[in-house]
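Below is one structure, written out as structure tokens; the observations come after it.
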Amino acid sequence: MLKSLAHCIRTQIPISVTFFFRSSSSSSYRSKYHNYYLRKRRKWPHPVYKARWHEKLSQQHAMQALRHQASSSPINLLSSLVESFALYNCDPTPNSYHFVIKTLIKTSQSHHISSVLNHLEKFEQFETPESILIDLIEFHGVRNEFQKAIEIFFRSPNFRCTPTVDSLNCLISVLCTRKEGLEIVPQVLLKSRLMNIRLEESSFAIFIRALCRYRKPKSAIGLLHHMFDHNFDIDGRSFSLILLTLCQQNDLECDEVMGLLEELKKLGFRLDRTDWGNVIRFLVKKKKGVESLEALSKMKLDGFKPDVICYTMVMDAVISAGDYESADQVFDEMLVMGLDPDINTYNVYMIGLCKQNKFDDGIKLLSSMEELGCKPNMISYNALLSAIYESGELGMAGYFLKRVRGKGAILMSETYEKIIYRLVRAGYVSDALDLLEEMMHKSLVPQPSTLEGIVSSLCQNGSVPKELNLLTDA
DNA sequence: ATGAATATTT
């Protein structure tokens with residue numbers, strides 16, 4: 001009712017304006033609107049408006065009574081509804097049914113819903129708002145009652161509701177949550193076509209989301225082709241989700257994913273900064289240094305400024321690929337772009353230095369980090385420490401270990417293992433045992449191979465069984 | 001809104 005009122009007001013305003021400002025110059029134009037205006041004014045607004053106003057007031061009172069009843073004792077809500085509206089001598093509103101259904105759900109009385117629906121079907125005349133049915137479909141969907149959800153949808157005409165794509169979307173997103181629901185979707189689509197409901201972009205977006213959830217990005221791309229062929233607009237979010245899902249597939253090769261990305265672009269995909277980030281992360285995981293550098297420059301060409309994380313990821317990839325020169329370039333570029341490297345960036349760089357056996361530079365980097373207010377963490381220290389021990393320069397390594405400990409650095413399990421392995425190999429068994437003891441003191445569990453190494457070394461030396469006790473305890 | 005970093009040649 002409010003809607004038609006609003007419509008009336010909206011249509012009347014321009015009419016009264018033309019009436020005021022147009023004098024007798026064009027009589028046909030004026031009389032057409034003149035009559036329309038008079039008829040409306042004389043026959044319709046006053047009496048009907050007044051009666052409806054009354055009815056609306058009564059319905060408000062009835063609704064109030066129903067709410068009151070429901071809050072004091074929420075049982076027999078259907079009778080409360082009927083009685084309240086009978087008391088005020090007016091017809092129940094769609095809203096009152098919506099309220100009753102919502103209350104039944106809230107108070108765990110959903111077994112009463114079907115009698116409310118039967119009543120709504122048989123005794124009311126109003127067009128049931130689709131929102132009520134959508135709520136019900138959703139309710140049954142959450143409880144995995146797919147058959148009930150489907151029944152509500154196809155029963156809509158009985159409630160004098162012409163379902164639109166909105167309830168269809170609700171139903172299919174409910175069905176798409178589980179495999180057994182997914183299998184029914186085609187039948188539902190066929191039947192809904194007979195009801196003249198056409199799928200929209202939003203429906204396809206639901207299917208695409210479901211396919212991505214089931215890790216079927218290639219099928220989702222198939223759907224995109226279908227949409228493209230039928231001139232549907234494709235939502236950027238669907239593209240992004242498919243790309244993300246492709247990047248998360250471990251079984252796909254880099255070339256294949258890049259090929260599919262080109263296919264997506266042909267279908268109209270324009271990558272945003274998040275998408276580029278996902279592409280770069282994928283390439284880094286696949287250790288594709290060159291490709292990740294390329295992706296970085298394409299990202300820039302697309303007008304996006306990569307952030308510290310993007311630069312760090314690309315640096316990681318080129319370092320994994322052994323391209324230290326590019327790593328330096330990427331690092332410099334990041335600084336030129338005004339970005340501040342953070343602990344992760346420095347650690348990636350540190351790992352690069354370690355791989356090149358540039359231990360002096362690594363030590364310098366540690367102090368630069370301190371100066372720059374980015375304190376090295378366990379990873380910075382452990383990476384450098386392990387690398388120095390692995391190089392076999394045990395003198396330097398021992399000195400560095402002392403210094404690092406002075407800084408309060410905590411050794412990690414893997415670092416202990418590496419140091420112990422190197423010490424044993426070089427014959428410093430008692431140093432190795434000290435570290436082993438320290439490890440166990442911290443409840444770190446050494447690898448069997450580490451223990452074996454120590455034991456065999458002790459046996460060769462014909463050493464004391466006291467330390468062996470320590471080992472058998474582990 | 002998001003996403004980045006060690007080590008496994010014993």
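Keep in mind the model is a prediction, meaning the values are calculated, not measured. Side chains included, hydrogens not; waters and symmetry mates left out as well; all remaining heavy atoms used. The chains referred to below are lettered A, B, ... by the order of the sequence lines, with proteins before strands, and numbering in each begins at 1.
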Inset, instruction - Would you mind reading off the distance between A:Met378 atom CE and B:dA7 atom P, rounded to a whole angstrom? - result: 14 Å

Inset, instruction - Rounded off to whole Å, could you give me the CZ-to-C1' distance for the A:Phe282 and B:dG3 pair? - result: 15 Å

Legend entry - Geometric class of the A:His230/A:Phe232 ring pair [parallel <30°, tilted 30-60°, perpendicular >60°]: tilted

Inset, instruction - Give the nucleotide from the list B:dG3, B:dT6, B:dA4 with an atom nearest to the side chain of A:Val308. - result: B:dA4

Legend entry - Sugar-phosphate only, base, or nothing, as touched by A:Ile351 at under 4.0 Å among non-hydrogen atoms: sugar-phosphate

Inset, instruction - Send over the distance from A:Glu417 CD to B:dT8 P, rounded to a whole Å. - result: 11 Å

Legend entry - Nearest heavy-atom neighbours spanning A:Tyr214 and A:Cys176: OH-O, 3.1 Å

Inset, instruction - Assign A:Ser386 to base, sugar-phosphate, or nothing according to its heavy-atom contacts below 4.0 angstrom with the strands shown. - result: nothing

Legend entry - Nucleotide B:dT6, atom P - distance to CG of A:Asn344 in whole Å: 9 Å

Inset, instruction - Round to a whole Å and report the spacing from CE of A:Met313 to P of B:dT2. - result: 14 Å

Legend entry - Rounded distance in Å - CE (A:Met412) to C1' (B:dT8): 14 Å

Legend entry - Residue-phosphate contact under 4.0 Å: A:Lys418 side-chain N/O, B:dT10 OP1/OP2: no

Inset, instruction - Answer with base, sugar-phosphate or nothing: what part of the nucleic acid does A:Glu390 contact at a heavy-atom distance below 4.0 Å? - result: sugar-phosphate

Legend entry - Proximity to the side chain of A:Thr274 - top-ranked nucleotide from B:dA5, B:dA4, B:dT2: B:dT2

Legend entry - Among B:dG3, B:dA4, B:dT10, the one nearest A:Ser449 by side-chain distance: B:dT10

Inset, instruction - For A:Tyr416 and B:dT10, give me the distance from atom OH to atom C1', rounded to whole Å. - result: 19 Å

Legend entry - Closest heavy-atom pair and its distance - A:Leu120, A:Tyr97: CB-CE2, 3.9 Å

Legend entry - Geometric class of the A:Tyr346/A:Phe331 ring pair [parallel <30°, tilted 30-60°, perpendicular >60°]: tilted

Inset, instruction - Check step by step if salt bridge (charged side-chain N to carboxylate O under 4.0 Å, His left out) holds for A:Lys286 and A:Glu253. - result: CA-CA 9 Å; A:Lys286 296 275 182 190; A:Glu253 286 305 314; 5.1 Å; no

Inset, instruction - Name the nucleic acid region contacted by A:Asn278, choosing base, sugar-phosphate or nothing; use a 4.0 angstrom heavy-atom cut-off, strictly under. - result: nothing

Inset, instruction - Name the nucleic acid region contacted by A:Cys354, choosing base, sugar-phosphate or nothing; use a 4.0 angstrom heavy-atom cut-off, strictly under. - result: nothing

Legend entry - Length of the CZ-C1' vector between A:Arg281 and B:dA5, whole Å: 15 Å

Inset, instruction - Side chain of A:Asp342 only, please: which of B:dA1, B:dG3, B:dA4 is the nearest? - result: B:dA4

